[in-house]
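Structure first, commentary second.
Sequential numbering from 1 along the given sequence is applied to the chain's residues. These numbers were taken from a predicted model, which means no experiment stands behind them.
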Amino acid sequence: MKAKDEFMLRALGLAFDRMGSTSPNPAVGAVIVKDGIILSEGGTCPCGSDHAEVSAIKSATGDIKGADMYVTLEPCNHYGKTPPCTEAIIRSGIRTVHVPILDPNPIVAGKGVSRLREAGVNVVMMDGFAAAAADLIRPFRKSILKKTPFVVHKCAMTLDGRTATLSGDSRWISSESSRCIAHRLRARVDAVIVGKNTLHTDNPALTARPDDFGRAARDLLAGRENALEGRDNFFLRALIERQSGPCTQPLRVVSGIPEDIDRGARFFADDRHVIFENAKKIDSLARDPGFVHRTAGLNIVKTRSEDPLDSVREMLAWLSSKGIMFAMLEGGSRLAGSFLDCGEIDQFLYFIAPRIAGAGIPAISGGGCGRMADSLRIEDVTTVRIGDDLLVNGYAERYNFEVK
């Protein structure tokens with residue numbers, strides 16, 4: 001592998017490690033190199049602080065004049081909460097900037113590259129890494145163009161498509177290694193969403209705890225080069241293979257409120273939670289003093305709509321307004337059906353275990369379609385063996401939207 005490729009791969013790894021902590025900004029990685037030696041590196045800091053390029057420039061210990069920068073996304077050329085990265089690069093004396101893709105944000109979209117070139121900075125487009133870089137900014141792309149979060153539906157299911165038995169038992173369908181990946185995914189999203197039945201039945205913590213799994217489970221995921229079949233998805237590969245990076249905790253979201261809500265549930269362990277429920281139902285339940293006492297101090301958002309699909313849209317609009325860019329839909333067959341029916345699932349990440357339930361709860365209980373020709377087609381499909389489990393990842397055909 002060429003040294004230039006290694007530097008860009010390093011930058012992509014840095015970008016992946018920052019996912020989950022940068023929204024509503026994209027997670028970007030930057031590496032500064034001079035005479036073949038890495039002088040510094042940086043990743044996007046939390047919103048309002050330094051972008052990856054500035055972070056790398058500030059952390060440099062040597063003279064970076066005449067150096068090369070490898071950055072995973074076109075540098076911005078506008079004033080937002082921070083000054084333009086292009087100006088910081090120009091002032092630093094960096095000679096060449098290597099970029100795999102342009103920024104999908106319409107207010108950037110090539111202007112950053114143009115500004116650098118006008119200032120005499122050489123810009124090299126590393127087209128060979130365009131697909132890998134694009135994998136990391138899928139959430140940002142939807143968020144900036146559609147003003148709504150990117151949603152990944154994650155679930156574990158039996159070979160006959162069941163996520164739980166008839167009694168609702170689902171522990172455990174998939175292996176420890178598969179569950180470790182799911183926890184790594186939690187650490188890279190901004191929010192995890194479940195339905196009220198999942199909250200009541202499973203008492204989920206919905207926190208990211210990838211280090212809770214044993215050495216054997218983690219070792220199985222290490223060094224899996226060339227194990228992916230289909231699309232060589234950089235995000236998925238990093239999710240499986242990378243064990244470094246900060247473990248950020250997502251916002252915990254539940255759709256609907258159980259009438260016998262338990263304040264001692266793990267979901268309410270701290271203030272990073274929110275409950276969405278129809279205003280009329282909340283007002284009706286509030287007639288019970290016991291309910292008022294049990295819900296005092298909880299983060300409850302009252303929705304206006306009584307239609308399940310409109311309620312999903314309301315929820316996503318609220319989350320977007322709070323800077324949520326990447327959401328993980330994790331529990332609730334009917335809730336997943338509502339998300340699917342209103343076209344708000346962008347990515348499907350399914351662990352299929354070698355078990356047969358015979359009957360039970362399906363992954364999605366939506367409105368369905370009358371003809372197979374009307375079913376949703378999944379694209380950019382990747383499969384990988386995780387021990388005896390099969391991980392299948394793909395994106396909704398309608399994900400490939402255009403700017404209107």
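L73 is not listed as a side-chain neighbour of L136, based on a closest heavy-atom distance of 4.5 Å or more. With a 4.5 Å cut-off on side-chain heavy atoms, L391 and L236 count as touching. Residues R266 and T207 fail the side-chain proximity criterion, which asks for heavy atoms closer than 4.5 Å. Using a 4.5 Å heavy-atom cutoff, the side chains of V97 and V124 are not in contact.
Under 3.5 Å, the side chains of D389 and S178 contain a donor-acceptor pair of N or O atoms. Inspection of the S23 and D190 side chains reveals an N or O donor paired with an N or O acceptor under 3.5 Å. Using modelled atom types, one finds a donor on one side chain and an acceptor on the other under 3.5 Å when comparing T158 with D160. D271 and N299 share a donor-acceptor pair across their side chains, judged by distance under 3.5 Å alone. Side chains of S177 and S175: no donor on one and acceptor on the other come within 3.5 Å.
S92 contributes a side-chain N or O that, together with a main-chain N or O of I89, makes up a donor-acceptor pair within less than 3.5 Å. R184 places a side-chain N or O within 3.5 Å of a backbone atom of I240 that can act as its donor or acceptor partner. No donor-acceptor distance shorter than 3.5 angstrom exists from the side chain of S143 to the backbone of K147, with no hydrogens or angles considered. Side-chain atoms of T201 do not come within 3.5 Å of backbone N or O of T198 as any donor-acceptor pair. A donor-acceptor distance shorter than 3.5 angstrom exists from the side chain of S21 to the backbone of R18, with no hydrogens or angles considered. Between the side chain of R141 and the backbone N or O of D103, no donor-acceptor pair lies under 3.5 Å. With R95 contributing its side chain and I64 its backbone, the two residues share no donor-acceptor pair below 3.5 Å. Between the side chain of R162 and the backbone N or O of A164 there is no donor-acceptor pair closer than 3.5 Å. When atom types are taken as modelled, the side chain of D346 and the backbone of V151 share a donor-acceptor pair closer than 3.5 angstrom. Formation of a donor-acceptor pair under 3.5 Å by the R355 side chain with backbone atoms of I173 is found in this model.
Shortest non-hydrogen contact noted between D270 and R252 is OD1-NH2, 2.8 Å. In this structure, N25 and H51 approach most closely via the heavy-atom pair ND2-NE2, 4.0 Å. The nearest pair of heavy atoms linking A15 to T72 is CB-OG1, 3.9 Å. The shortest heavy-atom contact between V108 and C76 is CG1-CA, 4.2 Å. Listed here is the closest heavy atom pair of A396 and L376: CB-CD2, 3.9 Å. The two atoms that bring A88 and V54 nearest to each other are CB-CG2, 3.9 Å, heavy atoms only.
Applying the ring pair (Phe, Tyr, Trp, His ring centres under 6.0 Å) test to W318 and every residue at least two apart in sequence or in another chain returns F276.
More than 12 heavy atoms of other residues, nucleotides or ligands shown are found within 6.0 angstrom of NE2 on H183. Within a 6.0 Å radius of CG in D388, no more than 12 heavy atoms belonging to other residues, nucleotides or ligands are found. Few gaps surround CZ on R294; more than 12 heavy atoms of other groups in view lie less than 6.0 Å from it. Summarising the local packing, NZ of K281 is surrounded by more than 12 heavy atoms from other residues, nucleotides or ligands at distances under 6.0 Å. The number of heavy-atom neighbours closer than 6.0 Å to CZ of R313, taken from other residues, nucleotides and ligands shown, is above 12.
Ion pairing of D283 with K280 is absent here, as no side-chain N (NZ or NE/NH1/NH2) approaches a carboxylate O to less than 4.0 Å.
Taking the ring centre of Y395 as origin, the terminal cationic atom of R138 falls inside the region bounded by 6.0 Å and 45° from the ring axis. With F16 as the aromatic partner, R188 meets the cation-pi criteria of under 6.0 angstrom to the ring centre and within 45 degrees of the ring axis.
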Quiz item: What do the steps show when you test T303 against S305 for side chain to side chain donor-acceptor pair (under 3.5 Å), and what is the final call?
Solution: CA-CA 6 Å; T303 58; S305 177; over 6 Å; no

Quiz item: Is there a side-chain contact (heavy atoms from CB on, under 4.5 Å) between N393 and V381 once you walk through the steps?
Solution: CA-CA 6 Å; N393 182 79; V381 176; over 6 Å; no

Practice problem: Just do the salt bridge (Lys or Arg N to Asp or Glu O under 4.0 Å) check on E74 and K111 with the steps written out, would you? | Solution: CA-CA 9 Å; E74 175 188 18; K111 297 181 181 69; over 6 Å; no

Quiz item: What's the verdict on salt bridge (Lys or Arg N to Asp or Glu O under 4.0 Å) for K142 and E344, showing C-alpha distance, side-chain angles and the deciding distance?
Solution: CA-CA 11 Å; K142 183 186 181 187; E344 292 296 349; 2.8 Å; yes

Quiz item: What's the verdict on salt bridge (Lys or Arg N to Asp or Glu O under 4.0 Å) for E229 and R385, showing C-alpha distance, side-chain angles and the deciding distance?
Solution: CA-CA 9 Å; E229 295 186 7; R385 288 283 300 274; over 6 Å; no

Practice problem: Check step by step if side chain to side chain donor-acceptor pair (under 3.5 Å) holds for T86 and N77. | Solution: CA-CA 6 Å; T86 51; N77 186 44; 2.8 Å; yes

Practice problem: Show the numbers, then the answer: is there a side-chain contact (heavy atoms from CB on, under 4.5 Å) between M328 and I193? | Solution: CA-CA 6 Å; M328 176 179 175; I193 306 171; over 6 Å; no

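Ring-plane geometry between H153 and F348 is classed as perpendicular, the angle between the planes exceeding 60 degrees on a 0 to 90 degree scale with a lower cut at 30.
Two rings, from F268 and H273, have their centers less than 6.0 Å apart.
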Taking only distance into account, with no hydrogens and no angle test, what donor-acceptor pairs under 3.5 Å do side-chain atoms of residues 30-45 form with protein atoms, sequence neighbours excluded?
residue : atom : partner : partner atom : Å
K34     : NZ   : D63     : O            : 3.3
K34     : NZ   : K65     : O            : 2.9
S40     : OG   : A56     : O            : 2.7
E41     : OE1  : R10     : NE           : 2.6
E41     : OE1  : R10     : NH2          : 3.3
T44     : OG1  : P26     : O            : 3.2
T44     : OG1  : V28     : N            : 2.9
T44     : OG1  : V28     : O            : 3.3

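A side chain to side chain contact (heavy atoms under 4.5 Å, CB included) with L316 is found for exactly one of P149, S311, S321, namely P149.
With rounding to the nearest 0.5 Å, the separation of OG1 in T148 from CD1 in I144 is 12.5 Å.
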